[in-house]
Structure formats: C-alpha cells, structure tokens
Amino acid sequence: MEIDDLTPAERRVWRAFAVGEEVDFRTGRAELDPERTVRARVLRSLLLGGPRQPGETAALRLRGARITGPLDLRNACAESVVHLTHCRFEDAVDLDGARLRYFSLRDSELPRLSATRAHFDGNLRLTRCRIGGPVRVDGARIGGLLLLDGAVLTPEDTGEPALRLNHLAVDDDLYAPGLSAGGQVRLDGAHVAGSVDLTGARLEGAGPTALHAQPLAVEGDLLLRESRVAGRIDLRGARVAGRLDLSYAELSHPGQTALRASSATIGELWLRGGPPVRGTLNLRRSQIDVLFLDPGMLPAEVLVNSLVYTSLTPHEPAERRLPMLERDGDGYVPHAYEQLTAAYRRIGDDHGARVVQLAKQRRHRRTLPWYGRLWGAVQDVTVGYGFRPLRAAGWLLSLLAVGSAAFALHHPPPLKADEAPPFSPVFYTLDLLLPVISFGQDASFAPRGGYQVLAHVLVLTGWILATTVIAGITRTVSRQ
C-alpha cells in the first residue's frame, strides 16, 4: 500500500508507526468524524510490511480510532507491538494462527474476536473491552498474561459460548476480575502456569453450564471470590495446585448441580462467607488437602462419596458438620463418616470423632431390616453403640436400686431353709443382673408371683446390657 492512497488520518498513523509513537484520535469532534477513521487493511499493511526507521522500534499505537472493515491477521507474523486503545471496530478481529508479539485492545469495542491457535510472545490484553459476539482463543499460546479484567461479553447467539479458551496455554496468569459473560465460558483442557483470577466475575450461562473447565490445569490459584454465577461450574477432573477460592460467592443453579468438582485434585477449597449454594455440591472422588467449608454455605444436597481431604477447617462442633453427610444424595455413605472422623482425630478432638461415629451407626441402622433396626435401637439406648459406656453403668445402678428396694420389702422364700445363706437384697439383685458373677443368692431363693416376673426381667436386662457392652468394647478396640 502506498502512502498516496491513505486518508489524512491514516497518514498520521503511517508516519507514527515507524517510530512507535501513539496517535490519539480522541480530540475528534464526533465518533464518525473522518479524521478519526482508519481502515483495518491499512493496519494490516503496517504490521506486515510497514515503514521502519533505523534506531527506532516500530509499533502500532492508536487511541480513540474508528476502525472500519475486518482486521484480518490470519496466519500473519508481526514483530511489532499492537496497542489499540479506546478504539471502535465495525467488523471482527481475526487473529487465527497468527504469531504476534504483544496485542492490546484495552477499552475497545468490537463485534467479535477470534484468535484460535494464535501465538503471543507477550500479553493478550482485552481489559474492559465490550465485545458483542463470541471470543475464541482456542488452542492459543500466550507467553505472558491473558487480561480480561472488566471485559463485557454479550454475544447475540446465546447458543454459542461467550468465551472459548479450550486447550489454551498461558505462561503467566489469566487475569479476569470483574469479567461479565452473558454466555458460557469454556476452559476445557486449558493450562495456566500462574493463577486464574475471576474475582467479582458475573457469569451467566445461556445453557445449563456457566463455566465449563474439565479438565483444567492451574499451577497457582483459581479465584472466584465474590463472583456471581448463574448456572453450573463444571471442574470435573480439574487440577488446581493452589486454592480454589469461592469465598463470598453466589452460586445458583436450582434443582441442578451448582458446583461440580468431582475427580479433581485441589490444594485448598474455600467455600465460605456467601449465601447457601442453590443447587447440588458435587465433590465425589476428589482429593483436597485443605477443605475450608462454612456449614452456612451448604446446599440442600451434597455428593461426597469417595471424597478425600487431609484437614477440615474451620473447627466446628461435630453436630455442625453432620448435616453435610445427612444431605448426601447417594444416601448412606460410610466413607464420608470415616473421613470426617479422621479429620477430628487428626486435630485431637476425640469427642467430635465419637459423635460422628455414633451418627454413622444410627444412619446405618436405617438401612437394616426390622430386626437389625430393633437390635440397633437397643444398643443405642443402652450404651450408645459403645460410644456412651457410662449409660450401661447408669442402667445397672437404676435396676440395682429398683431390685434391691423391691426384694428388701419382700424377701423371696429360700429353696432350702436350712442351707440358704442370709438373704441380701443388694447381692441377690446383682446375681440376677450380672450373668457371669455369682454371689450365691439367686440359686438359693425362689421369688413368686410378680417378684418372679421382676427377677426374669432383671436377668434378661442383665444379659442385654452385657452383650451390648461387649459389642461396644469390641467395636471401639477394632477402631483403635
């Protein structure tokens, strides 16, 4: 392209490119003023073969320009940095397969952007851009940062994702606090060497899923603090080396899964400070080092079968943690109770561990046939499945007091008057209650009538107490 073919505005850009100077068109009287209009093909010509001046670094730096026609840089290789700030594009920006050094569209407005399989040596900056169509950066490689902070994506075709970053590789951070996406965001198979920052983001999936990222690999943190997500967050199989932070977030997908982080490997999962999750929380088969879980954010249904975590914070009474297991959509999951028990034992809270184990036995009892439920109820009432051993002593003392008082008022007649020892109501009652120990009283006296019935009740109760105590002790020893 020759300089004689250019408009006055384009000549300014042409001359400034050679020395890397910025051209600021914001002083134009109106947005459609020809003095601020630049054709996209002029920009393409500059990047692919524009003038160079010895001793200067060529760069395309525009501010406030109106750019007409599509900016087509498909498979192009440009060494100059590109800063197109506060610009308005009338047509799409196509960077598919391009090799670029640094590309910034900060504060610009454009209908759509495609950069599939593109390679950026430095940053790709879309800070506070307003994009009315889909943004595709699938399979791209970014040597620096991908910046989407404050960007607003409002695609008209709600059936297509607003932002596609599938198989993206970022050597630094994906920085997108305040991102607003009026459609699905996809990060399938993406790898981010730094962190993914979606703090304060507004994600509204047009379909069932707002954020689809399976399997995403993040070497740093995945931050969704104070975000508002309408739709499912799907992190199945994701690997987050640092923290998955959902503090103060609002997750809403009523009647469906709100957060799916199953089969994931996560350093820390923070779910705290926000309103209760509206939808199911699915953490099946995941491995988490630190689970920071606020009971107040738990939804009506959770799925934690085969979830493994090293520590559970903040420290809460076991009664506050048990609803999470009661709400499991898979029903009774023994592994979930064992994980919670281990978490309490790890910090030395033996009382909390016993409370969880007692709750496990009671939950298990509901799955048994009627005779199993009956025997379980007896163990629960008498010794609390071995976790309340003092209950047995209480029952024994109570029955001892009742039996001693009854037989003190009415001595049972001896079987052989000349051979019977002196009658003792206390030791006679102990003989009836304790099936192993004998004080020689029960074999020497024969109660009649109602007292005979009382003696049989004491014998039967003694056997039940002894059996449940032995069962409880056996269970406790086996856990140790």
For this session: Report yes or no: does Glu250 contribute a side-chain atom to a donor-acceptor pair with the main-chain N or O of Pro275 at less than 3.5 Å?
Result: no

For this session: State whether the side chain of Asp107 and the backbone N or O of Thr85 hold a donor-acceptor pair below 3.5 Å, judged by distance alone.
Result: no

Less than 4.0 Å between a side-chain N and a carboxylate O, is that true for [Y] and [X]?
X	Y	value
Arg74	Asp96	no
Asp138	Arg136	no
Arg225	Asp197	no

Exercise. Could you state the interatomic distance from CZ (Arg239) to OG1 (Thr265), rounded to the nearest 0.5 Å?
Worked result: 8.0 Å

Problem set entry | Mutual orientation of the aromatic rings belonging to His315 and Tyr344 [parallel < 30°, tilted 30-60°, perpendicular > 60°] | perpendicular

For this session: Please identify each residue that fulfils side-chain contact (heavy atoms from CB on, under 4.5 Å) with Ala16, with sequence neighbours left out.
Result: Glu21, Val23

Exercise. Just checking, is any N or O donor in the side chain of Glu338 or Gln357 under 3.5 Å from an acceptor N or O on the other one?
Worked result: yes

Exercise. Between His83 and Tyr102, is the ring centre distance below 6.0 Å?
Worked result: yes

Problem set entry | Set of residues satisfying salt bridge (charged side-chain N to carboxylate O under 4.0 Å, His left out) with respect to Arg61, sequence neighbours excluded | none

Exercise. Which atoms form the tightest heavy-atom contact between Val218 and Ser195, and what is the distance?
Worked result: CG1-CA, 4.2 Å

For this session: Answer yes or no: does atom CZ of Arg101 have more than 12 heavy-atom neighbours from other residues, nucleotides or ligands under 6.0 Å?
Result: no

Problem set entry | Worked verdict on Leu148 versus Leu163 for side chain to side chain contact (heavy atoms under 4.5 Å, CB included) | CA-CA 10 Å; Leu148 283 155; Leu163 178 62; 3.8 Å; yes

For this session: Would you indicate whether the side-chain heavy atoms of Val308 and His335 approach each other to under 4.5 Å?
Result: yes

